[in-house]
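Heads up: the structure comes next, in structure tokens.
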Amino acid sequence: MIEKGLLIVLSGPSGVGKGTVRKGIFSQKDTAFEYSVSATTRKPREGEVHGVDYFFKSREEFEDMIANDQLLEYAEYVGNYYGTPVEYVRETIDAGKDVFLEIEVQGAGQVRRKFPEGLFIFLAPPSLSELENRIVTRGTESEDLIRSRMKAAREELEMMELYDYVVENDEVELACERIKAIVVAEHCRRERVQYRYKKMLEVD
Ligand SMILES: Nc1nc2c(ncn2[C@@H]2O[C@H](COP(=O)(O)OP(=O)(O)O)[C@@H](O)[C@H]2O)c(=O)[nH]1
Ligand SMILES: Nc1ncnc2c1ncn2[C@@H]1O[C@H](COP(=O)(O)OP(=O)(O)O)[C@@H](O)[C@H]1O
């Protein structure tokens with residue numbers, strides 16, 4: 001029997017640096033997680049590649065995926081759908097590999113309900129003012145949207161107590177290291193080690 005992989009969910013408020021930290025983790029050669037590419041109805045940005053950054057879908061295609069139960073979770077975020085194709089997640093976990101999701105907090109809540117054995121990591125900003133700074137300097141939102149993002153962020157921050165771990169994103173490299181360390185620790189804590197250990201005792 002193959003031991004299942006971990007479902008790792010990284011979430012947190014808009015602008016905290018989820019995308020930046022995720023890219024940091026996957027740019028490291030020793031990262032052994034598989035990235036679950038999400039489906040979205042938002043338009044590709046310059047340089048984004050279908051199947052690598054996202055599976056870019058029409059609203060109709062996305063709604064078909066919902067109707068056919070092809071998504072582990074989905075959420076509507078700033079006027080677009082985002083969701084996690086379930087098949088890839090199941091296949092990868094069943095093959096014993098760890099899958100990494102980087103999703104907003106509503107979706108993470110749905111995953112928690114469907115997949116409570118997942119590992120839920122909340123990325124937190126050093127402070128609210130630093131969070132606002134990041135949203136402003138990213139420059140992708142108007143002033144009105146920044147205000148609504150900050151309001152949503154306060155509510156999203158209250159969700160952190162539902163997570164297994166809270167990682168502060170003060171410096172990107174440090175946040176990446178903390179996340180990777182948590183995953184290593186979780187593997188030691190969960191059955192994987194016990195399983196191998198039991199096997200060893202069976203042989204002896
Ligand atoms: N629920 C959910 N959220 C997702 C998924 N993929 C990406 N997101 C989140 O959607 C939000 C917007 O992503 P994006 O349009 O790429 O803009 P970003 O703010 O530059 O990361 C981010 O908070 C992502 O974490 C997904 O499959 N499901
Ligand atoms: N540790 C950090 N220190 C300073 N700026 C950061 C840090 N992490 C991310 N950023 C910046 O904050 C902004 C938001 O990051 P992004 O990854 O888009 O957030 P999210 O995916 O959570 O919405 C970007 O301009 C990014 O470069």
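As the structure lists them, so they are numbered: ligands from 1, and atoms in each ligand from 1. For reference, positions follow the sequence shown, starting with 1. Computation of the quantities below employed the complete heavy-atom set of this structure, encompassing side-chain atoms and omitting hydrogens, waters and symmetry-equivalent molecules. Quick caveat: nothing in here was measured; it's all calculated off a predicted structure.
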Exercise for the section: I would like to know whether Y82 and R42 meet side-chain contact (heavy atoms from CB on, under 4.5 Å); could you show each step before the answer? Expected result: CA-CA 8 Å; Y82 294 82; R42 100 151 152 67; 3.4 Å; yes

Quick one, T40 with Y77, criterion side chain to side chain donor-acceptor pair (under 3.5 Å). Give me CA distance, side-chain angles, the key distance, then yes/no. CA-CA 10 Å; T40 184; Y77 181 87; over 6 Å; no

Step-by-step side-chain contact (heavy atoms from CB on, under 4.5 Å) determination, Y74 to I66: CA-CA 8 Å; Y74 70 94; I66 299 172; 3.6 Å; yes

**Study point:** Derivation of the salt bridge (charged side-chain N to carboxylate O under 4.0 Å, His left out) call for E186 and R189
**Key:** CA-CA 5 Å; E186 271 308 290; R189 197 174 73 80; 3.2 Å; yes

task: Go through the steps to decide whether T41 and E61 satisfy the test side-chain contact (heavy atoms from CB on, under 4.5 Å), and finish with yes or no.
output: CA-CA 9 Å; T41 56; E61 286 170 332; over 6 Å; no

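Counting the atoms of ligand 2 from 1 in the order shown, those under 4.0 Å from a heavy atom of V172 are 1 (N), 2 (C), 7 (C), 8 (N). Near D170, the atoms of ligand 2 lying under 4.0 angstrom from a non-hydrogen atom of the residue are 1 (N), 2 (C), 3 (N). Atoms of ligand 1 lying under 4.0 Å from at least one heavy atom of R42, given by number and element, are 14 (P), 15 (O), 16 (O). Which parts of ligand 2 touch E171 is read off a 4.0 Å heavy-atom cut-off, strictly below it: atoms 1 (N). Distances below 4.0 Å separate heavy atoms of S38 from the following atoms of ligand 1: 5 (C), 6 (N), 26 (C), 27 (O). Counting atoms of ligand 1 from 1 in the listed order, those under 4.0 Å from a heavy atom of A75 are 1 (N).
Of all protein heavy atoms, the one lying nearest to atom 1 (N) of ligand 2 is N169 OD1, 2.9 Å. Counting only heavy atoms of the protein, atom 21 (O) of ligand 2 lies nearest to G19 N, 2.9 Å. Nearest to atom 19 (O) of ligand 1 among the protein's heavy atoms is R138 NH1, 3.1 Å. For atom 9 (C) of ligand 1, the closest non-hydrogen atom on the protein side is E104 N, 3.7 Å. In terms of protein heavy-atom proximity, atom 16 (O) of ligand 1 is nearest to Y54 OH, 2.6 Å. Atom 18 (O) of ligand 2 has its closest protein heavy atom at R138 NH1, 3.0 Å. At the shortest separation from atom 22 (O) of ligand 2 among protein heavy atoms lies K18 N, 2.8 Å. If you check which protein heavy atom lies closest to atom 19 (O) of ligand 2, you get G17 N, 3.1 Å. Protein heavy atom at the shortest distance from atom 14 (C) of ligand 2 is G15 O, 3.4 Å. For atom 3 (N) of ligand 2, the closest heavy atom belonging to the protein is R134 NH2, 3.2 Å. Protein heavy atom nearest atom 28 (N) of ligand 1, with residue, atom name and distance: E73 OE2, 2.7 Å. Taking atom 26 (C) of ligand 2 as the reference point, the nearest protein heavy-atom neighbour is T20 OG1, 3.6 Å.
Under 4.0 Å from ligand 1, heavy atoms of Y82 appear from its side chain as well as its backbone. Of all the heavy atoms of I135, none lies under 4.0 Å from any atom of ligand 2, so neither backbone nor side chain is involved.
Residues V86 and L71 approach most closely at CB-C, 4.0 Å, considering heavy atoms. Between V9 and A108, the shortest heavy-atom contact is CG1-CB, 4.0 Å. Nearest heavy atom pair, residue M65 against residue A39, reads SD-CB, 4.2 Å. Heavy atoms only, all atoms of each residue included: E168 and A175 are closest at O-CB, 3.9 Å.
Residue contact check for ligand 2: P13 places a non-hydrogen atom closer than 4.0 Å to it. Taking 4.0 Å as the cut-off, G83 counts as a neighbour of ligand 1 on heavy-atom distance. Residue contacts with ligand 1: G19 is excluded, as none of its non-hydrogen atoms falls under 4.0 Å.
Note that CD1 of I8 is 9.5 Å distant from CD1 of I179, once rounded to the nearest 0.5 Å. Separation of atoms CD1 (I93) and CD (E3) is listed at 12.0 Å; rounding is to 0.5 Å.
Side-chain contact of E73 with T84: a donor-acceptor pair under 3.5 Å is present, judged by distance alone. For K18 and S11, the side-chain atoms include no donor-acceptor pair closer than 3.5 Å.
Cluster annotation: F115 and L162 are assigned to the same hydrophobic cluster (Ile/Leu/Val/Met/Phe/Trp/Tyr, side-chain heavy-atom contacts under 4.5 Å, transitive).
Taking a 6.0 Å sphere around CD of E117, one finds it holds more than 12 heavy atoms contributed by other residues, nucleotides or ligands.
Cation-pi geometry between R178 and Y165 is not met: the NZ or CZ atom fails to fall both under 6.0 Å from the ring centre and inside 45° of the normal. A cation-pi contact, defined as under 6.0 Å to the ring centre and within 45° of the axis, is absent between R22 and F100.
Looking at Y74, F55, Y77 and measuring to atom 12 (C) of ligand 1, the nearest heavy atom belongs to Y77. Comparing Q110, R45, K18 by heavy-atom distance to atom 18 (P) of ligand 1, the nearest is R45. The heavy atom nearest to atom 25 (O) of ligand 1, considering only E156, R22, K43, E102, is found in E102.
The shortest N/O to N/O separation between E130 and ligand 2 does not fall below 3.5 Å. In terms of polar-atom proximity, defined here as any N/O pair under 3.5 Å, S14 makes no such contact with ligand 2. Polar contact with ligand 2: absent for T137 (N/O pair, distance under 3.5 Å).
For atom 21 (O) of ligand 1, the nearest protein heavy atom is 4.0 Å or more away.
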